[in-house]
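Here the structure comes first, spelled out in structure tokens, and everything after it is commentary.
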Amino acid sequence: AQTVTQSQPEMSVQEAETVTLSCTYDTSESNYYLFWYKQPPSRQMILVIRQEAYKQQNATENRFSVNFQKAAKSFSLKISDSQLGDTAMYFCAFMNSPYNNNDMRFGAGTRLTVKP
Amino acid sequence: DAGVTQSPTHLIKTRGQQVTLRCSPKSGHDTVSWYQQALGQGPQFIFQYYEEEERQRGNFPDRFSGHQFPNYSSELNVNALLLGDSALYLCASSPALEFYEQYFGPGTRLTVT
């Protein structure tokens, strides 16, 4: 069964600095998708970034980038120039190839606090 | 363009009762997935509906059932509520051929007393 592990329950960072959130996963599949979602106190789950396993290039979305290490089954999220609005729970998630058991598996989350 | 909407926002029920939660998908989406998020945990997949049928199901008992309507909206029903069913219930919609494009609603907070 696919599992997702986030080993950092809580992290904090000073405004304008860089922080990296860790995620590891376990799967025997070769084609899959990885995600980072942000959940602020408003509860709305917002997609931050998505990575397709067959793409070797790391995904980037403005201040957010990932370090995808397929062999190590690692998928970390780097937030650059942290802003107060980045304060939220961050969930790493895994999904098989969309045509084969496409339920999304989530980690337990990392609570990120950005300090002024 | 309205995103995914869910109703109600909050709900309080008594143990043993039944509850129905509702979800309207984002415009252009025809697949709806439901998740349960217990306090302090990540969401867990309950089931997914496509073409008015349950396409896939997670590890949840039969007390959890659902339905999808011709307009793609969906309901989640939970019978014989237990205290452990207290959670945030999230609905996510996606286009049929792009299941990875999941957009989440704001959730329904269910409290069972």
Side-chain angles (χ1 to χ4, degrees), chain A residues 1-10 21-25 29 31-55 59 61 75 77 88-112, chain B residues 2-11 21 23 25-26 29-50 54-60 64 66 87-111:
Chain A
Q2 290 85 8
T3 58
V4 179
T5 302
Q6 294 179 250
S7 58
Q8 305 152 316
E10 294 190 26
L21 308 184
S22 301
C23 173
T24 58
Y25 58 95
E29 302 293 331
N31 190 22
Y32 48 86
Y33 292 78
L34 294 163
F35 309 83
W36 278 99
Y37 278 91
K38 168 185 177 181
Q39 188 177 42
S42 65
R43 308 179 324 200
Q44 185 98 33
M45 195 77 77
I46 302 165
L47 177 66
V48 174
I49 202 164
R50 181 181 72 234
Q51 174 80 44
E52 298 167 61
Y54 67 87
K55 289 185 177 179
E61 287 289 342
F75 184 61
L77 174 69
M89 283 292 292
Y90 286 81
F91 292 96
C92 178
F94 169 100
M95 177 188 279
N96 268 325
S97 169
Y99 307 101
N100 177 28
N101 291 334
N102 52 69
D103 60 300
M104 193 173 285
R105 306 290 178 97
F106 287 83
T110 296
R111 182 178 301 280
L112 176 67
Chain B
V4 180
T5 60
Q6 293 186 243
S7 62
T9 304
H10 296 92
L11 203 52
L21 311 182
C23 171
K26 180 178 169 63
H29 289 184
D30 52 11
T31 301
V32 173
S33 302
W34 285 93
Y35 295 82
Q36 180 195 65
Q37 186 178 16
L39 194 62
Q41 297 182 22
Q44 285 195 298
F45 175 77
I46 302 175
F47 43 54
Q48 183 182 83
Y49 276 83
Y50 172 63
E54 184 182 290
R55 183 176 181 275
Q56 191 173 339
R57 188 179 184 91
N59 189 24
F60 278 80
F64 289 77
L88 179 67
Y89 288 85
L90 296 167
C91 167
S93 72
S94 56
L97 299 181
E98 297 175 340
F99 296 115
Y100 50 82
E101 290 279 354
Q102 294 209 6
Y103 288 79
F104 283 81
T108 294
R109 172 72 67 190
L110 172 64
T111 302

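Here is how names work: the chains are called A, B, and so on, in the same order as the sequence lines, proteins then strands, and each is numbered from 1.
- Of the atoms belonging to A/R50, it is side-chain heavy atoms, and not backbone ones, that fall under 4.5 Å from chain B.
- Of the N and O atoms on the side chains of A/Y37 and B/Q102, not one donor lies less than 3.5 Å from an acceptor on the other residue.
- When heavy atoms are compared at a cutoff of 4.5 Å, B/T9 approaches chain A by way of both its backbone and its side chain.
- Neither the backbone nor the side chain of A/E52 comes within contact range of chain B, judged by heavy atoms closer than 4.5 Å.
- Because its NZ or CZ atom is not both nearer than 6.0 Å to the ring centre of B/F104 and within 45° of the ring axis, A/R43 does not count as a cation-pi partner of that residue.
- Residues A/Y25 and A/Y32 bring a donor and an acceptor atom of their side chains to less than 3.5 Å of each other.
- Counting heavy-atom neighbours within 6.0 Å of A/R111 CZ, excluding the residue itself, gives a total of 12 or less.
- Proximity to chain A is absent for every atom of B/Q44, based on heavy atoms less than 4.5 angstrom apart.
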